[in-house]
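First the proteins, then the strands, lettered A, B, ... as listed; each starts at 1.
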2 protein chains.
Amino acid sequence: MSRAQQKERTRKAIIEAAFSQLSAEKSFASLSLREVAREAGIAPTSFYRHFADMDELGLTLVDEAGLMLRQLMRQARQRIEKNGSVISTSIETFMEFVTGNSNVFRLLLRERSGTSAAFRAAVAREIQHFSAELAHYLRKETACPDDLAQLQAEAMVTLVFHTGADALDAPPEQYAKLSNRTIMQLRWLAHGAASYGRHKLKD
Amino acid sequence: MSRAQQKERTRKAIIEAAFSQLSAEKSFASLSLREVAREAGIAPTSFYRHFADMDELGLTLVDEAGLMLRQLMRQARQRIEKNGSVISTSIETFMEFVTGNSNVFRLLLRERSGTSAAFRAAVAREIQHFSAELAHYLRKETACPDDLAQLQAEAMVTLVFHTGADALDAPPEQYAKLSNRTIMQLRWLAHGAASYGRHKLKD
DNA sequence: ACTTTGAGCTTACAACTGTAAGCCAATTTA
DNA sequence: TAAATTGGCTTACAGTTGTAAGCTCAAAGT
């Protein structure tokens, strides 16, 4: 195996180890370099051959999470084309993401309000992508001005994220209820924005 | 000074010390018992005369924060009586709270999705109070069914909290813009809920 | 007046942390 | 083939952490 391949392999192992140690009870901030290195099967100091410090690893994890989010959007896009309903399709897709990759979602959720400004900015960027994408659809469907669509999309994403967070602490039999509640909220938003949209946005 | 008085005094000192160490860069989880004790002016082991562990202190802080939130609601109630506009008065009051007690708000914001289930539950309870109170007003103003008012209030609180979080990372000259954006979103919600409310809520 | 209580202290320990210094061996380059 | 590079290792150190054990001494109780 080539040198570069091997290096990439253990780099992946580190990332993998970090993700696998995240849980409901353990946040990224509470991971230790030594623990991660141990699980990745390397000596503590070897960690530095790949990342300058834990922060650099953390940003990598956030990027990785953002990537998954973008894959999710692609998936949602296809479903919307087929299904038609933007709102319920979006939230269904998102809930699948949350329940299927709860640690990844938790990372975004926590670092969004974490102690590192860089992390917060990184997460905000990823979420921004997400809602811009949604705004695109809203524009197409409701034909409202760009900034209104964006504002509407941001509100929707906020509500959906919050529902995802709730789902993490709820038993699975409540997922449907949570989704339905959120769908109702999103419909209110869409309806309100459509009929109330003529009012100008002040700044 | 009586024994009990003195005890209460250092207890307050511990709580005070903990709050004062919270910041944008430091979360409750990253506080250490020893640091807190040092700032409170007691020996590390004396901490245990007041709290079984840091978790117990944390729950106390959350309760304290909830108290401030409830005081805030009382204040908002008065303002609403006088001013009339539920939405803009509410968010203005809330933004004052966020900017004036940013560490307290940050505590709630972070522990809402933190690593302790007990903390999460405690914060959820406080926020629940908050939105129930808002629901009360919505019911009075829009005369819609109880569960719809509650659902609407929860959406509103979610959006307002999120705006508060944004404000923490934004320069003060953007507060007005953030507020206006959120007011717009809340109006959409209110408008949508009012005209769309006849549709039944499934579960 | 005598005893009990308990807040706060000092000392001590074992566990863990991040990371510096430097060696080894295998791949890559010249 | 010889030299250079580098991923991974071991060892080591200084710092921090939570908390156990036990003392002191002033307030409270009898």
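Nearest approach of A/F28 to A/L22, heavy atoms of both residues: N-CD2, 3.4 Å. The heavy-atom pair separating A/A190 from A/M156 by the smallest distance is CB-CE, 4.0 Å.
Contact annotation for B/R38: backbone-only contact, meaning every heavy-atom pair under 4.0 Å involves sugar-phosphate atoms and none involves a base. Residue contacts for A/S32: at a heavy-atom cut-off of 4.0 Å it reaches the sugar-phosphate backbone alone, with no base atom in range.
Side-chain contact annotation: B/T93 with B/Q75, donor-acceptor N/O pair under 3.5 Å absent. Side chains of B/S85 and B/S88: a donor-acceptor N/O pair is present below 3.5 angstrom, by distance only.
In this structure, CE of A/M54 is placed 7 Å from P of C/dG18, rounded to the nearest angstrom. Atoms NZ (A/K7) and P (C/dA25) sit 21 Å apart, rounded to a whole Å. Taking atom OH of residue A/Y48 and atom C1' of nucleotide C/dT19, one finds them 5 Å apart after rounding to whole Å. Note: CD1 (B/I14) to C1' (C/dA7) measures 11 Å, nearest angstrom. In this structure, B/R34 atom CZ and C/dT10 atom P are separated by 12 Å, rounded to whole Å. The CZ-P distance, from A/R9 to C/dT27, rounds to 14 Å in whole Å. Spacing between atom CD of A/Q5 and atom C1' of C/dT28 amounts to 14 Å, rounded to whole angstrom units. With rounding to whole Å, A/D55 atom CG is found 15 Å from C/dT19 atom C1'.
Of the possible polar contacts, one joining the A/T99 side chain to the A/E96 backbone as a donor-acceptor pair under 3.5 Å is found. Without hydrogens or angle criteria, A/S46 side chain to A/I42 main chain gives no donor-acceptor distance under 3.5 Å. Remark: side-chain polar atoms of B/R110 are paired, donor with acceptor, to backbone N or O of A/S113 under 3.5 angstrom.
The base of C/dA7 lies outside donor-acceptor range of the side chain of B/R3, with no N or O pair under 3.5 Å. Between the side chain of B/R49 and the base of C/dG6, no donor-acceptor pair under 3.5 Å is found.
For the OP1/OP2 pair of C/dA7 and a distance below 4.0 Å, the side-chain nitrogens and oxygens of B/S46 include no atom meeting the criterion. Contact annotation: B/T10 side-chain N/O to C/dG8 OP1/OP2 distance is under 4.0 Å.
Where A/A52 and B/T45 each meet DNA chain C at their nearest nucleotide, the meeting point lying more 5' is that of B/T45.
Once you apply a 4.0 Å limit to the heavy atoms of chain B, the touched nucleotides of DNA chain D run 5' to 3' over D/dT17 to D/dA28.
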